[in-house]
Each structure stands twice: as structure tokens, then as C-alpha cells.
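The block underneath contains the structure these notes are about, expressed in C-alpha cells.
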2 protein chains.
Amino acid sequence: MLRKVKPSRRRSGCPVSISLETLGDRWSLLVIRDLMVRGYRTFKQFEQSDERIATNILADRLRRLERNGIISAEADPTDGRRMNYRLTEKGIDLAPLLLELLIWGARNEETMAPGELIGKMEQNREGVIAEVRRRWRERDSTPMLPSFANTRPARN
Amino acid sequence: MLRKVKPSRRRSGCPVSISLETLGDRWSLLVIRDLMVRGYRTFKQFEQSDERIATNILADRLRRLERNGIISAEADPTDGRRMNYRLTEKGIDLAPLLLELLIWGARNEETMAPGELIGKMEQNREGVIAEVRRRWRERDSTPMLPSFANTRPARN
DNA sequence: CCGGATCCGTTTCGATACTG
DNA sequence: CAGTATCGAAACGGATCCGG
């Protein structure tokens with residue numbers, strides 16, 4: 001019994017494997033969205049985001065995202081006990097992916113936003129991405145659009 | 001004790017919620033990739049894909065994706081016992097998302113493909129997406145590129 | 001054979017309480 | 001505030017079984 005389930009024919013050089021170890025769960029992309037689009041930076045902000053992630057899961061995801069080089073963590077200069085999380089370059093590179101996810105959701109899931117806003121972003125993908133990059137480069141932590149925020153942008 | 005965890009301030013009209021009920025797991029997007037890019041159509045093909053999903057999980061994901069209107073299932077006309085799964089319009093709309101995921105992985109994850117191929121796709125996002133749509137419209141089930149396939153495209 | 005369903009041990013998740 | 005600890009619930013996944 002117990003035949004060897006053909007261990008060959010793996011690694012068959014198919015170049016479309018996609019890496020979902022880090023992103024293939026319910027929470028990681030939400031944290032990234034909060035960082036990228038809402039301007040969130042701290043544990044508390046993520047925790048109080050709409051979807052109510054549990055604290056242990058949040059801690060785990062933050063660690064995982066950091067291990068994977070998608071975010072970085074540094075102590076707040078003005079308040080040592082507070083951590084500030086930021087997207088790395090690799091994390092910022094997720095902007096196109098996130099934008100497409102937003103567009104898809106707005107188009108196909110009726111639980112989503114009205115879509116007028118998204119429609120405009122869809123017309124101007126390049127511009128939106130460029131704006132995300134510009135803001136991160138200048139450490140501009142205001143949310144991408146006023147209505148994107150549901151807390152103030154942590155101006156100290 | 002047991003304070004009410006402030007049930008207000010939900011539904012705060014933040015238009016950037018993203019829907020990961022269906023896609024936020026390790027397998028759903030892989031199945032969609034197999035459909036979209038590899039030309040897979042049957043349970044067996046998905047099962048034998050590189051990542052080795054368990055049959056019960058695969059059955060569950062196929063059902064979920066169908067419930068969510070992302071794929072459809074119909075009996076094969078030439079072989080009644082075989083099911084053919086296809087992307088719906090909603091599923092095809094995931095092409096841009098999937099493309100961005102591929103590009104991101106190729107760029108940032110060293111476990112990924114050489115990337116030359118992906119680089120070309122990156123130069124021509126619109127073209128790639130249009131090609132995906134064309135093929136699905138014409139029920140052309142050959143994989144997007146020869147090297148994308150690791151089994152033959154199920155010609156019977 | 002094909003597309004699953006069922007069983008069952010293991011892993012992960014997630015709500016809550018707790019801590020430095 | 002920023003996380004740990006705990007523990008029950010859910011999901012996973014390997015193996016096997018089954019109807020057509």
C-alpha cells in the first residue's frame with residue numbers, strides 16, 4: 001500500500017506560481033490597506049479598524065509582514081512606547097494589486113462602496129499609484145482621500 | 001464587566017473596504033489562476049496542480065467560488081461524469097488583480113519565476129488582459145502561454 | 001476512473017482576559 | 001498602549017470510501 005503519489009513532476013518550471021504565504025489570509029491585505037490608503041500607523045489604529053481583528057492575530061500578522069519585508073516597525077520618536085509601522089518599498093509595490101482589488105470589489109460585490117470614487121480611480125490607475133508613491137516617499141501620512149479616513153491621520 | 005466594545009462607530013461609510021471573504025484564503029486565488037492562466041477546467045486538474053490541494057478543500061473552494069458567482073460548473077458534454085468549471089464575467093474581472101499579483105511576486109519574491117516573461121506582461125498589461133478576455137469569450141482553453149502549462153490543455 | 005464525501009488527528013484562528 | 005496567554009472553535013489535510 002501507500003504508493004508514492006508520484007513525487008516527480010513537481011517543480012515543473014511553471015512560471016505562474018503565486019506567492020500567497022504572506023498575503024493569502026483574511027487579514028494581511030486589510031492591514032496593508034489601512035497603511036496605504038487610510039494612513040494608519042499604530043497597533044491601536046489597526047485594531048480599531050472596521051473589521052475588528054483580534055489582537056493576537058494582529059500581532060502575528062504584523063510580525064509576519066515584517067519578517068517578509070513588507071512593512072517595517074520603528075519606535076515613535078515622540079513616544080517611545082508607541083510603535084510606528086510603515087510600508088517598505090516591497091510593500092508599496094502592492095499598491096497596484098490593492099487598487100485592482102478595490103476596483104473589483106466595487107464592481108462586483110454589492111456590499112462595497114457606491115463606486116463613484118473607485119470609478120475615478122479606475123480611470124486613472126497610473127495617477128493613483130504615483131500619488132501613493134509620492135506620499136510614502138515624503139512620509140505624508142494623510143489618507144489618500146478625505147473620505148478614506150475614519151479617524152484623524154495621527155498628526156502626533 | 002464585559003463592556004460593550006462600543007458597537008457604534010461601525011459602518012462609518014469608509015469606501016475602501018475590500019472583500020476578502022471569498023479570496024482571502026490560500027487556495028481560492030490559486031484555483032482562479034489555474035483556470036485563467038493554465039487553462040485547467042476539471043477537478044482532477046486542480047487537484048494535481050503544483051500546490052497539492054486536498055480534495056475536500058478543493059471541493060469546498062469550488063463550491064464557495066460558485067456560490068459567489070466567480071465560477072460556474074457544468075457537466076462536460078462529451079463525458080457526463082466530468083465537470084467543467086469556467087470563470088464567470090465576475091471571475092474574468094479578476095484578471096487585472098491576478099496579473100498584478102504575478103508581477104509583484106516576480107519582482108519581490110525570489111522564490112518566483114525568472115520574471116522575463118512577467119516583465120513583458122508588465123509592459124503590456126492592457127494587452128494581456130484583453131487577451132484573457134478574448135480567449136474566454138471564444139472558449140479558447142489553451143493556456144495563456146505555452147510555458148504556463150504543465151499538463152496538456154485537456155484536449156479530451 | 002472521476003468528482004467528490006466522510007472520518008479524524010493536527011494546525012490555525014479568534015474572543016477574551018491578562019500583563020509590562 | 002502594545003502586545004501575550006489561554007482555550008474552545010473552526011479550518012486544514014491526509015486517507016479512505018463511494019456513487020455513477
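So that the names make sense, note that chain A is the first sequence line, chain B the second, and so on, each numbered from 1. Atom set for the values below is all heavy atoms of this structure, side chains included, hydrogens, waters and symmetry mates excluded. Nothing here was measured: the structure is a model prediction, and the numbers come from that model.
Checking the phosphate oxygens (OP1, OP2) of C:dG14, a side-chain nitrogen or oxygen of A:R26 falls inside 4.0 Å. In this structure, B:W27 reaches the D:dG13 phosphate: one of its side-chain N or O atoms is under 4.0 Å from OP1 or OP2.
Listed by chain and number, the residues in a salt bridge (charged side-chain N to carboxylate O under 4.0 Å, His left out) with A:E89 are A:R133 (sequence neighbours excluded).
Regarding B:Q45, its CD atom lies at a distance of 10 Å from the P atom of C:dC2, rounded to whole Å. Note: OH (B:Y40) to C1' (C:dG3) measures 18 Å, nearest angstrom. Rounded to whole Å, the distance from CG on B:N84 to P on C:dG3 is 9 Å. Put simply, CD on B:E66 is 14 Å from P on C:dG3, counting in whole angstrom units. Between the P atom of D:dC12 and the CG atom of B:L30 lies a distance of 13 Å, rounded to the nearest Å. As rounded to whole Å, 15 Å separates atom C1' of C:dT16 from atom CG of A:L58. In this structure, the CG atom of B:D25 is 11 Å from the P atom of D:dA11, given to the nearest Å. Distance A:I53 CD1 to C:dC13 P: 10 Å, rounded to the nearest Å.
Salt bridge status for A:R26 with B:E21: absent, with no side-chain N to carboxylate O gap under 4.0 Å. For the pair A:E100 and A:R125, the salt-bridge criterion is met [side-chain N within less than 4.0 Å of a carboxylate O]. Under 4.0 Å is where a charged nitrogen must lie from a carboxylate oxygen, and between A:E47 and A:K44 no such pair does. Electrostatic pairing of A:R33 and A:E51 counts as a salt bridge here, judged by a charged N lying under 4.0 Å from a carboxylate O.
B:R81 comes within contact range of at least one nucleobase, with a heavy-atom separation under 4.0 Å. No engagement by B:F46 is indicated, since no non-hydrogen atom pair under 4.0 Å with the nucleic acid exists.
The B:I57 side chain lies nearest to D:dC12 when the options are D:dC12, D:dG14, D:dC1. Here the nucleotide nearest the side chain of B:A54, chosen from D:dA2, D:dG13, C:dC2, is D:dG13. Distance from the side chain of B:R61 is smallest for D:dA11 among the nucleotides D:dA11, D:dG13, D:dG3. For A:K44, counting side-chain heavy atoms from C-beta on, the closest listed nucleotide (D:dA2, C:dG3, D:dG13) is D:dA2.
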Between side-chain atoms of residues 58-71 of chain B and protein atoms elsewhere (two or more places apart, or another chain), which donor-acceptor pairs fall under 3.5 Å?
residue, atom, partner, partner atom, Å
B:R61, NE, B:D25, OD2, 2.8
B:N68, ND2, B:R64, O, 2.7

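No hydrogens or angles considered: nothing links the side chains of B:S141 and B:R135 as a donor-acceptor pair under 3.5 Å.
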Would you give a per-nucleotide map of nucleotides 5-11 of chain C, 5' to 3', where B means the base has a protein non-hydrogen atom under 4.0 Å away, S means only the sugar-phosphate does, and - means neither? BBB----

